[in-house]
Amino acid sequence: MGDSATVIDRIDVHGYDLTYAHGDYVMSSGRVVNVLPSTIVRIRTRGGLEGFGETCPLGRTYLPGFAEGARAALREMAPALIGVDATNLAAVTERMDGTLRGHEYAKSALDVACWDILGRATGTSVATLLGGVLQPTLPLYVAVPLGPPGEMATFVERERAGGVHHFQLKLGSAPEEDLERVAAVHAVTGPEDALIGDANGAWRRQEAIIAARLLDGLDRLRLEQPCPTLEECIAVRRLTTLPMVLDEVITDLPTLARAAAADAMDHVNLKVGRVGGFTKARLMRDAAVALGLTLTIEDSWGGDVVTAAVAHLASGVPSGSLFAASYMNDWTLEHLAGYQPRSRDGLGPVPTGPGLGLDVDTDRLGPPLFSV
């Protein structure tokens with residue numbers, strides 16, 4: 001593909017651990033994480049440019065993916081990208097999809113790194129390349145681990161004092177117990193706060209209907225992913241006035257289109273890694289906005305590189321369509337890019353430098369797990 005300065009010459013894959021900043025991160029169905037292995041991709045070109053991407057699955061039972069799975073998929077795909085122009089995103093996508101079916105969470109790290117190179121090569125931020133910046137600072141949300149009602153309320157009070165006003169409450173146990181959790185948090189928040197009750201697909205249809213009826217009287221509350229399947233979520237939606245958020249079942253543009261056609265939701269959580277990176281996430285972001293849906297822009301987990309990626313994608317969402325973004329480097333203790341971008345008072349600044357706008361400390365990466 002020529003001798004372009006942007007042709008991929010080397011790919012290094014690094015691993016590091018991310019520690020949750022608040023002890024144990026507890027979700028429904030007994031899922032608990034405190035330290036997660038994350039994977040950094042560093043792509044270098046013949047002309048000396050480099051770009052970074054990150055993938056960090058949230059354990060082994062949240063989505064179909066896990067850390068070693070990402071690394072195995074990267075071993076398969078990375079050799080196929082050597083000699084490809086990193087700034088030709090269509091060619092990068094075609095080569096990845098032609099090498100390995102699925103495994104979007106691994107493809108995401110490669111895709112994001114190539115967008116980073118495109119931005120560095122042109123002196124342009126990824127946010128601008130994705131269509132432009134509508135919000136230079138973003139409202140942020142914080143997830144509240146599943147626990148006793150009093151502990152969840154105390155967690156929210158602490159984060160609220162720091163300027164956060166969007167909260168995702170982890171639910172998914174007995175509906176009556178979850179009502180107590182939501183009521184405790186509701187009591188310590190006000191009209192300026194927004195709450196989401198997220199079961200992470202733990203309820204089956206009957207439990208979810210009971211939960212929705214119990215929670216229906218609480219204002220400022222949205223119900224997220226009550227059941228594991230789209231069909232069950234639709235059945236629940238038809239029996240509640242709570243706005244419905246879908247997350248785990250929205251995996252690509254076709255599932256978004258099918259869910260929208262079924263009037264399955266009002267709000268979508270769009271995870272950059274789950275859908276394969278910027279190239280596919282941008283299509284879904286803009287389609288969701290055109291369909292009148294509200295968006296949360298985030299990823300499953302990650303550090304500074306994931307946070308920067310989320311910021312660039314979220315910045316192009318109109319303010320009336322963006323619920324919040326997640327700056328996951330606030331949720332974790334390890335930082336590879338100087339804890340940038342760094343939130344303040346519940347808001348996240350969008351990086352303005354070329355590419356992702358990050359200065360990754362390559363010394364902190366340590367030796368690669370493998371290179372091609």
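The analysis underlying the following values was restricted to heavy atoms, covering all of them including side chains, and did not include hydrogens, waters or symmetry mates.
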Can [X] and [Y] be counted as an ion pair, charged N to O under 4.0 angstrom?
X	Y	result
R205	E232	no
D97	K107	yes
K170	D198	yes
D178	R181	yes
R44	D12	yes
R160	E192	yes
K271	D247	yes
D263	R238	no

Which atom names give the shortest non-hydrogen contact between [X] and [Y], and what distance separates them?
X	Y	answer
L221	P243	O-CD, 3.5 Å
T189	L195	OG1-CD1, 4.2 Å
P228	G201	CD-O, 3.2 Å
H312	R285	O-NH1, 4.5 Å

Pairwise side-chain contact, [X] with [Y], heavy-atom cut-off 4.5 Å (strictly under):
X	Y	answer
V275	E104	no
C227	R204	no
I11	R42	no
L246	N269	no
I196	H267	yes
V245	D266	no
F278	L313	yes
L89	C114	yes

| request: Test W115 against T279 for side chain to side chain donor-acceptor pair (under 3.5 Å), laying out the working first. | output: CA-CA 9 Å; W115 278 89; T279 301; 2.9 Å; yes
Under a 3.5 Å cutoff, is there a donor and acceptor pairing between the side chains of [X] and [Y]?
X	Y	answer
T241	D216	yes
N200	S28	no
E54	S38	yes
H186	D219	yes
D111	S108	no
T19	E334	yes

| Which distance, rounded to the nearest 0.5 Å, do you find between the OG1 of T99 and the CZ of R95? | 6.5 Å
When you group the ILVMFWY residues by side-chain heavy-atom contacts below 4.5 Å and let the links chain together, are [Y] and [X] in the same group?
X	Y	answer
L18	L365	yes
V13	V112	no
I209	V182	yes
V32	L146	yes
Y327	V144	yes

If only atom types and distance count, is the side chain of [X] paired as donor or acceptor with the main-chain N or O of [Y] below 3.5 Å?
X	Y	result
R31	L58	no
T240	V236	no
S321	V317	no
D24	V26	no
D299	V306	no
Q135	S315	no

May I ask you to check whether over 12 heavy atoms, not counting those of [X], lie within 6.0 Å of atom [atom1]?
X	atom1	result
R71	CZ	yes
D359	CG	no
E157	CD	yes
R220	CZ	yes

| For F370, is the NZ or CZ atom of R75 found under 6.0 angstrom from the centre of its six-membered ring and inside 45 degrees of the ring axis? |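 Because its charged atom sits under 6.0 Å from the ring centre and within 45° of the axis, R75 does stack over F370.
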| task | State whether F155 and R158 meet the cation-pi test: NZ (Lys) or CZ (Arg) under 6.0 Å from the six-membered ring centroid, and within 45° of the perpendicular axis. | result | yes
| field | Result of checking N329, T332, D330, D304 against Y339 for side-chain hydrogen bond (donor to acceptor under 3.5 Å, both in side chains) | value |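 Of N329, T332, D330, D304, side-chain hydrogen bond (donor to acceptor under 3.5 Å, both in side chains) with Y339 is met by D330 alone.
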| request: Determine the interplanar angle of the H22 and Y20 rings, folded into 0 to 90°, and report it as parallel if under 30°, tilted if 30 to 60°, perpendicular if over 60°. | output: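 H22 vs Y20 ring planes: perpendicular.
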| query | Are the aromatic rings of W301 and F66 close, with centres under 6.0 Å apart? | reply | no
